[in-house]
**Student:** 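If you scroll down you'll find the structure; I have some questions about it.
In what follows, chains carry the letters A, B, and so on, assigned in the order in which the sequence lines appear, proteins first and then strands, with residues in each chain numbered from 1.
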Amino acid sequence: MPAQGWAGERDLAAEGKTIDALGQFELKTVLGPIGHSVGFTQSSAHMLLAVGLITLLVMYGISRQAVVPGRLQSLTESAYEFIQGLVIGQVGPEGKRFFPFVFSLFMFILFGNLLGLLPFAFTFTSHIVVTFALAAIVFVLITVVALMLHGKKFFGYFFPEGAPIWLAPIIIPVEIVSYLSRPISLSIRLFANMVAGHVMLKVFATFIVLLGGLGVAGPFIAVLPLTVNVALVGFEILVAFLQAYVFAILTSIYLHDAVHLH
Amino acid sequence: MPENKDFEDRLRKARERHGTKSGASGSGQLPQGGTWGVGFRAGVEVVSALIAGVGLGWLLDRWLGTWPWLFLLFFVFGGVAGVLNVYRLFNPRNAGK
């Protein structure tokens with residue numbers, strides 16, 4: 001696999017004495033000519049890796065079923081219970097059947113965010129295409145669920161009861177636009193957080209290299225951006241969890257709206 | 001400080017009584033975050049509503065051939081929907097019921 005990610009292209013950036021913060025998001029095909037002909041990029045490879053790791057974790061976690069769980073089993077169980085509590089707490093008991101969906105979504109985004117923090121790795125959640133596709137799945141699901149459960153009554157969602165009827169020409173388009181903006185805000189939130197974090201990491205990483213090459217005093221000054229970067233990596237781990245959590249909880253809130261329709 | 005705790009308790013109860021407790025019931029609330037987090041969320045809501053409004057207006061215009069009138073109209077609707085989204089961020093729709 002070619003060198004990717006925020007650490008991978010440092011030398012290149014330092015050679016040109018410029019800060020190339022966006023090069024890390026470029027898509028490149030992997031697996032040689034086969035990958036090239038089908039457009040299999042490092043993004044796709046990391047998605048497969050994330051799915052594989054999640055499957056391994058869950059399969060291993062439930063294989064033992066020890067009364068006193070080991071590390072991986074308790075990790076799996078706590079992730080399961082965390083999302084189960086979230087879905088049932090938000091949607092209510094009817095939310096149980098949406099648990100597999102929200103759990104897969106949460107784990108996929110979480111693993112995407114965390115894998116992207118490893119050196120040479122690629123963050124597939126930093127592409128709006130990916131996050132928008134995930135948000136579009138959520139949007140289609142909540143609309144279909146609402147239509148199946150409530151039929152025509154679903155359209156009453158766009159006009160709150162008790163509002164004066166002459167306001168309908170204003171309220172209905174505004175509510176429709178507000179409803180359509182859900183997948184957009186869902187995808188932009190995740191995408192913007194990941195891009196901002198990785199650009200910051202890259203910029204400060206480039207500062208380290210550029211300052212390090214500044215003669216005798218350089219390496220000493222370069223400690224400053226290095227300190228910042230260490231703090232940023234910790235902060236990015238927090239953001240990785242938080243954004244996966246926010247995506248899952250907003251999905252649950254939207255599912256609540258679809259199930260209860262108010 | 002007992003008085004302080006007592007006050008917090010009464011405030012929470014009063015909020016529950018009036019249905020102004022933010023967020024839905026049950027576990028798992030949206031993390032509140034700092035002022036930066038709130039500002040970022042509000043910004044995303046406004047921008048995405050504008051994108052949705054402009055996109056919808058543009059598509060309708062292309063379909064009906066009325067460029068640029070529906071685009072302009074839905075630009076305004078997008079702005080209103082953005083304000084509505086920010087309002088809903090702090091006063092969720094289902095909180096009162």
Side-chain angles (χ1 to χ4, degrees), chain A residues 81-93 95 102 128 132 135 139 157 160-161 169-193 196 238-239 241-243 245-257 259-262, chain B residues 19 21-34 36-61 69-97:
Chain A
E81 276 167 15
F82 177 62
I83 297 299
Q84 193 186 34
L86 190 144
V87 175
I88 291 177
Q90 285 292 339
V91 190
V102 180
I128 187 91
F132 187 75
F139 182 74
Y157 185 80
E161 304 155 39
I170 302 172
I171 290 181
I172 291 173
V174 166
E175 287 285 356
I176 290 176
V177 170
S178 170
Y179 189 72
L180 288 177
S181 75
R182 279 174 171 188
I184 302 175
S185 68
L186 203 56
S187 53
I188 290 182
R189 193 177 296 111
L190 177 58
F191 149 80
N193 269 292
L238 174 76
V239 168
F241 272 101
L242 205 62
Q243 288 307 315
Y245 173 64
V246 165
F247 205 99
I249 196 168
L250 281 172
T251 305
S252 313
I253 290 174
Y254 294 158
L255 280 170
H256 169 95
D257 282 357
V259 171
H260 300 283
L261 209 64
H262 54 225
Chain B
K21 199 169 150 258
S22 59
S25 60
S27 73
Q29 307 255 314
L30 267 181
Q32 289 301 306
W36 274 96
V38 173
F40 180 77
R41 264 159 58 200
V44 167
E45 292 292 344
V46 172
V47 168
S48 54
L50 266 179
I51 293 174
V54 166
L56 189 62
W58 185 77
L59 280 175
L60 284 174
D61 262 340
W69 302 110
L70 285 176
F71 167 76
L72 293 175
L73 186 67
F74 272 84
F75 183 80
V76 177
F77 283 145
V80 178
V83 176
L84 183 71
N85 278 351
V86 173
Y87 175 78
R88 292 250 167 87
L89 201 60
F90 300 106
N91 299 289
R93 210 173 158 140
N94 47 14
K97 295 190 187 173

**Student:** In Å, rounded to the nearest 0.5 Å, how long is the span from CG of A:Leu180 to CD1 of B:Ile51?
**Tutor:** 12.5 Å
**Student:** Output all residues satisfying side-chain contact (heavy atoms from CB on, under 4.5 Å) with B:Ala49, sequence neighbours left out; order by chain, then residue number.
**Tutor:** A:Ser181, B:Ala81, B:Asn85
**Student:** Find the distance between CD1 (A:Ile176) and CG (B:Leu56) and round it off to the nearest 0.5 Å.
**Tutor:** 8.0 Å
**Student:** Nearest 0.5 angstrom please: B:Glu45 CD to A:Ile184 CD1, how far?
**Tutor:** 11.0 Å
**Student:** To check you understand the geometry: which heavy-atom pair defines the closest contact between A:Ala192 and B:Phe40, and what is its length?
**Tutor:** CB-CZ, 3.9 Å
**Student:** Taking the side chain as C-beta and beyond, is there a heavy-atom pair between B:Arg88 and A:Ser178 under 4.5 Å?
**Tutor:** yes
**Student:** Locate the shortest heavy-atom distance separating A:Arg189 from B:Val44; write the atom from each residue and the value.
**Tutor:** N-CG1, 4.2 Å
**Student:** Do other residues, nucleotides or ligands put more than 12 heavy atoms under 6.0 Å from the CZ atom of B:Phe75?
**Tutor:** no
**Student:** For A:Phe191, which residues count as a side-chain contact (heavy atoms from CB on, under 4.5 Å) partner, sequence neighbours excluded?
**Tutor:** A:Ile128, A:Thr131, A:Val195
**Student:** What's the shortest heavy-atom distance between A:Val177 and B:Phe74, and which atoms?
**Tutor:** CG2-CD2, 4.0 Å
**Student:** Go through the steps to decide whether A:Arg182 and B:Ser48 satisfy the test side chain to side chain contact (heavy atoms under 4.5 Å, CB included), and finish with yes or no.
**Tutor:** CA-CA 8 Å; A:Arg182 279 174 171 188; B:Ser48 54; over 6 Å; no
